[in-house]
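The structure appears below as structure tokens.
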Amino acid sequence: MPSRKVVATELAHVLRQISHPDRIRLLLKLQAGEQTVNELGDLLEISPTRVSQHLGVLRAVALVETQTRGQQRVYSLAQPELARWLIEGIDFIGHRLSRATPTDLQNAKQLWQAEGAEPVI
């Protein structure tokens with residue numbers, strides 16, 4: 001029994017760290033591959049400072065990794081299947097989203113899936 005409590009506690013901690021719309025969008029954007037803070041900020045229309053703060057939270061729970069290349073830090077998903085799991089989660093929670101129509105949900109899912117299929121140039 002204690003092992004299940006430990007695992008549930010850890011899972012709850014990780015889910016709390018993901019539970020911000022910008023962090024979810026960052027994770028889904030990183031499914032396309034490695035990107036810098038400035039690239040992510042431009043793509044998501046978030047200031048580089050906020051992107052860095054969110055990535056710091058995600059890095060602290062080992063959801064994203066970083067590499068230094070010259071003067072830049074490049075971020076990537078530690079486990080790319082996380083993005084797929086989040087996209088599939090849309091189906092699970094779709095009935096609970098009051099402001100999103102079924103069309104909104106399907107369009108968002110298709111766009112995020114397509115981003116993961118495209119290589120970063």
Side-chain angles (χ1 to χ4, degrees):
M1 249 342 170
S3 61
R4 285 194 277 182
K5 184 175 181 180
V6 169
V7 170
T9 300
E10 287 300 311
L11 181 58
H13 176 69
V14 169
L15 292 174
R16 268 193 306 277
Q17 303 316 308
I18 294 173
S19 69
H20 188 285
D22 289 342
R23 290 185 199 138
I24 291 171
R25 292 173 59 220
L26 282 167
L27 291 168
L28 291 169
K29 204 46 108 167
L30 284 171
Q31 73 177 313
E34 299 175 337
Q35 297 181 51
T36 66
V37 168
N38 288 331
E39 290 169 336
L40 289 164
D42 290 344
L43 291 167
L44 298 174
E45 298 176 347
I46 303 172
S47 73
T49 302
R50 281 186 49 206
V51 171
S52 291
Q53 291 169 344
H54 288 308
L55 288 170
V57 170
L58 296 172
R59 207 172 63 221
V61 291
L63 296 179
V64 297
E65 297 174 336
T66 183
Q67 292 182 352
T68 302
R69 295 205 181 125
Q71 298 290 326
Q72 293 186 321
R73 281 190 159 167
V74 180
Y75 292 85
S76 61
L77 290 177
Q79 296 174 293
E81 58 273 8
L82 174 61
R84 289 187 297 277
W85 180 74
L86 289 170
I87 292 168
E88 291 304 316
I90 293 170
D91 292 334
F92 180 73
I93 62 164
H95 69 285
R96 301 184 69 184
L97 301 176
S98 59
R99 294 190 326 219
T101 68
T103 302
D104 291 332
L105 297 173
Q106 190 60 32
N107 288 342
K109 190 173 176 178
Q110 288 173 347
L111 289 169
W112 282 326
Q113 287 170 332
E115 286 178 352
E118 297 174 9
V120 175
I121 298 174

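Along the sequence shown, the residues carry numbers beginning at 1.
- Under the side-chain contact (heavy atoms from CB on, under 4.5 Å) criterion, T68 pairs with R73, not counting sequence neighbours.
- Every residue two or more places apart in sequence or in another chain was checked for a side-chain hydrogen bond (donor to acceptor under 3.5 Å, both in side chains) with T9, and none qualifies.
- Remark: of the listed residues L44, I18, L43, L44 is the sole one forming a side chain to side chain contact (heavy atoms under 4.5 Å, CB included) with L26.
- Taking R16 as the reference, A12, H13 meet the side-chain contact (heavy atoms from CB on, under 4.5 Å) condition, with sequence neighbours excluded.
- No continuous path of ILVMFWY side-chain contacts below 4.5 Å connects I24 to L111, so the two sit in separate hydrophobic clusters.
- Interatomic distance, CH2 of W112 versus CD1 of I90, reported as 5.0 Å (0.5 Å rounding).
- Counting heavy atoms from C-beta on, the side chains of L30 and Q35 come closer than 4.5 Å.
- Counting heavy atoms from C-beta on, the side chains of E39 and D42 never come closer than 4.5 Å.
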Side-chain donor-acceptor pairs of residues 45-58 under 3.5 Å, sequence neighbours excluded:
| from | atom 1 | to | atom 2 | distance (Å) |
| --- | --- | --- | --- | --- |
| S47 | OG | R50 | N | 3.2 |
| R50 | NH2 | D22 | OD2 | 2.1 |
| S52 | OG | P48 | O | 3.1 |
| H54 | ND1 | R23 | NE | 3.1 |

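- For the pair A62 and A78, the tightest heavy-atom approach, listed with the atom from each and the gap, is O-CB, 3.4 Å.
- The side-chain heavy atoms of L77 and L27, taken from C-beta on, include a pair separated by under 4.5 Å.
- Taking 4.5 Å as the limit, every side-chain heavy atom of Y75 sits out of range of all side-chain heavy atoms of T36.
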Stepwise, does the side-chain contact (heavy atoms from CB on, under 4.5 Å) test hold for L28 with Q31? CA-CA 5 Å; L28 291 169; Q31 73 177 313; 4.3 Å; yes

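- With sequence neighbours excluded, no residue satisfies side-chain contact (heavy atoms from CB on, under 4.5 Å) with Q71.
- How far CZ of R25 is from CG of L40: 10.5 Å, rounded to the nearest 0.5 Å.
- Not a single side-chain hydrogen bond (donor to acceptor under 3.5 Å, both in side chains) links N38 to another residue, sequence neighbours left out.
- In summary, E34 and R69 engage in a salt bridge, as defined by a charged side-chain N under 4.0 Å from a carboxylate O.
- Using a 4.5 Å heavy-atom cutoff, the side chains of Q113 and R84 are not in contact.
- A single hydrophobic cluster is not seen to contain both V14 and V7; linkage of ILVMFWY side chains at heavy-atom distances under 4.5 Å, directly or through other members, places them apart.
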